[in-house]
Amino acid sequence: MLKGYIPPYNATVVQRLLDQGAVLMGKTNLDEFAMGSGSTDSIFGPVKNPWSYSKQFREKRKACCPDSNESSDWVITGGSSGGSAASVSAGTCYVALGSDTGGSTRNPACHCGIVGLKPTYGLVSRHGLIPLVNSMDVPGILARCVDDAATVLGVIAGHDPQDATTIQDHILPFTLPDVIDLSKLCVGIPKEYHAPGLSSEILSIWTKAADMMEKAGAKVVEVSMPHTRYSIVCYHVLCTAEVASNMARFDGLEYGHRADIKDSTEAMYSATRRGGFNDVVRGRILSGNFFLLKQNYEKYFLKAQKVRRLIADDFVNAFKSGVDILLTPTTLGDAAPYLDFIQEDNRTRSAQEDVFTQCANMAGVPAITVPAGLSSRGLPLGLQFIGQAFCEQQLLSVAKWFEKQTNFCPLVLHKTHDNGHIDKRQSKSAFSL
């Protein structure tokens, strides 16, 4: 739909980075219009997870499947911001931006073994971000370490006259302490996040992380967030409804793709949108318009808005009870093989992959995923910390403490060249604007 389109201005987050001396290397691949959770539905083709070519994964894979084909035996990055995650994970850049509507920054960050941050709604400007769901979209940060994410957040956060939803307060740079005391921290473990399909490996590192924080002096308590069970259905109703509205601007008149149809304006609209959107985008537009029909508005859209308020209240009640941070899984398991992932449709996969992440978007609270270990297949596993609104300093400090404790093994690329030489590259954690 946007083939050949060149934006006439920079997004606020990009311009603020450029003003501080950052070098923009390029744009990254993603699911079309950020609709997906695998970065497999793009006009440019799917994004391959760099860990598919890691020493850790290849050695494990060769041991269990000696006849596997390396050209087709690769795993997904997650999505929708899979290209951004792959770029950072592979060491081609220090940080990358993504968009996070239901977990599109944290999901690929988890699968690629890097840090993924979704700031509080309103802390970072959305001006220049192509909207998916206006009430949930947040520019996200993908980085190799928590300090890098904090540095970038300090640059891009703050009021923007071009975005009325941003806060008015002046934001100071986020400086994280090297020594963090957890003795006054209360960590909540939501019992509803022990969801069907959660892998035993994720459950194990989740339990170990809670025990580790408790031993460090933190108070760890179980909390209940009773409306979590309805969140994924509620999210998809609201998501598709806003998608139907936002996608209306792509009609072939102002910019982007236009079908060569001269029969009528309506025929040109129809042909443009059919040729410019893939099946996933068209499907969500149809679903959203169905939910917004006069006879369905109260039954679906209005009811979903009420459920969203209850989900947000779950977070408010948890934090009012004395909990400072919530500790949850980020995904159900490690990255799926591409050939397995595409066996199910986009809607089903999105429901599975977003189950732990979209609640934070509906509540507008900040969340960060941090690498926590490797699976038995040699692929990254991550955990998610969810904080109180506009308490990024505390959230990032706790995430940094956890990062130091886990000492996650970085990606080691293991590729044999034509001359038989084995090239091993290890990504470093460093950043300077």
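Bear in mind that the values here come from a model prediction, so they are computed numbers and not experimental data.
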(message) Can you give me the closest heavy-atom contact between V124 and L153, atom names plus distance?
(response) CG2-CD1, 3.8 Å
(request) For S37 and N107, test the side chains for any donor-to-acceptor distance below 3.5 angstrom and give the result as yes or no. (result) no
(message) Measuring only between side-chain heavy atoms, which start at C-beta, is T120 closer than 4.5 Å to V365?
(response) no
(message) Under 4.0 Å between a side-chain nitrogen and a carboxylate oxygen: does that hold for D19 and R16?
(response) no
(request) Looking only at non-hydrogen atoms, find the nearest pair between D314 and M225 and report the distance. (result) OD2-C, 3.5 Å
(message) So for atom CZ, which belongs to R309, do other residues, nucleotides or ligands contribute more than 12 heavy atoms lying within a distance under 6.0 Å?
(response) no
(message) Tell me whether D251 is salt-bridged to R249, with the criterion being a basic N under 4.0 Å from an acidic carboxylate O.
(response) no
(message) Could you work out, with side-chain contact (heavy atoms from CB on, under 4.5 Å) as the rule, every residue matching P173, not counting sequence neighbours?
(response) none
(message) With heavy-atom distances below 4.5 Å as the criterion, would you say the side chains of I76 and T40 are in contact?
(response) yes
(message) Enumerate the ring-ring contact (aromatic ring centres under 6.0 Å, His included) contacts for residues 124-166, please, sequence neighbours excluded, ordered by first and then second residue.
(response) Y9-H127
(request) Please list all pairs passing the salt bridge (charged side-chain N to carboxylate O under 4.0 Å, His left out) test where one or both residues lie in residues 283-296, with sequence neighbours left out. (result) none
(request) May I have the step-by-step check of side-chain contact (heavy atoms from CB on, under 4.5 Å) for I232 and D354, ending in yes or no? (result) CA-CA 7 Å; I232 195 68; D354 295 342; 4.0 Å; yes
(message) Counting the benzene-type ring for Trp, do Y255 and Y5 have ring centres under 6.0 Å apart?
(response) yes
Using atom types as modelled, flag every donor-acceptor pair under 3.5 Å from a side chain in residues 80-87 to any protein atom, sequence neighbours excluded.
from: S80; atom 1: OG; to: S104; atom 2: OG; distance (Å): 3.0
from: S81; atom 1: OG; to: S99; atom 2: N; distance (Å): 3.3
from: S81; atom 1: OG; to: S99; atom 2: O; distance (Å): 3.4
from: S81; atom 1: OG; to: S104; atom 2: O; distance (Å): 3.3
from: S84; atom 1: OG; to: T28; atom 2: OG1; distance (Å): 3.0
from: S84; atom 1: OG; to: L97; atom 2: O; distance (Å): 2.7
from: S87; atom 1: OG; to: G83; atom 2: O; distance (Å): 2.8

(request) Could you label the plane-to-plane angle of the F277 and F33 rings as parallel, tilted or perpendicular, counting under 30° as parallel and over 60° as perpendicular? (result) perpendicular
(request) Calculate, to the nearest 0.5 Å, the distance between atoms CZ and CD belonging to F385 and E403 respectively. (result) 10.5 Å
(request) Could you pull out all residues at least two apart from F174 that satisfy ring-ring contact (aromatic ring centres under 6.0 Å, His included)? (result) none
(request) Using distance alone, with no hydrogens and no angle criterion, decide if Q162 and S125 have a side-chain donor and acceptor under 3.5 Å apart. (result) no
(message) Taking the side chain as everything from C-beta on, heavy atoms only, tell me whether H257 gets closer than 4.5 Å to F250.
(response) no
(request) Would you check if the distance from the ring center of Y297 to the ring center of F291 is below 6.0 Å? (result) no
(request) For residues V115 and A149, report the shortest heavy-atom separation together with the two atoms involved. (result) CG1-CB, 4.3 Å
Can you give each donor-acceptor pair under 3.5 Å made by side-chain atoms of residues 324-339, sequence neighbours left out, with the distance rounded to 0.1 Å?
from: D324; atom 1: OD2; to: C186; atom 2: N; distance (Å): 2.8
from: T328; atom 1: OG1; to: Q384; atom 2: NE2; distance (Å): 2.8
from: T330; atom 1: OG1; to: T369; atom 2: OG1; distance (Å): 2.9
from: T330; atom 1: OG1; to: Q384; atom 2: N; distance (Å): 3.3
from: T331; atom 1: OG1; to: G333; atom 2: O; distance (Å): 2.8
from: D334; atom 1: OD1; to: R377; atom 2: NH1; distance (Å): 2.8
from: D334; atom 1: OD2; to: S375; atom 2: OG; distance (Å): 2.7
from: D334; atom 1: OD2; to: R377; atom 2: NH1; distance (Å): 3.2

(message) Taking atom CD1 as the centre, does I43 end up with more than 12 heavy-atom neighbours from other residues, nucleotides or ligands that are less than 6.0 angstrom away?
(response) no
(request) Using a strict 4.0 Å threshold on nitrogen-to-oxygen distance, state whether D178 and K400 make a salt bridge. (result) yes
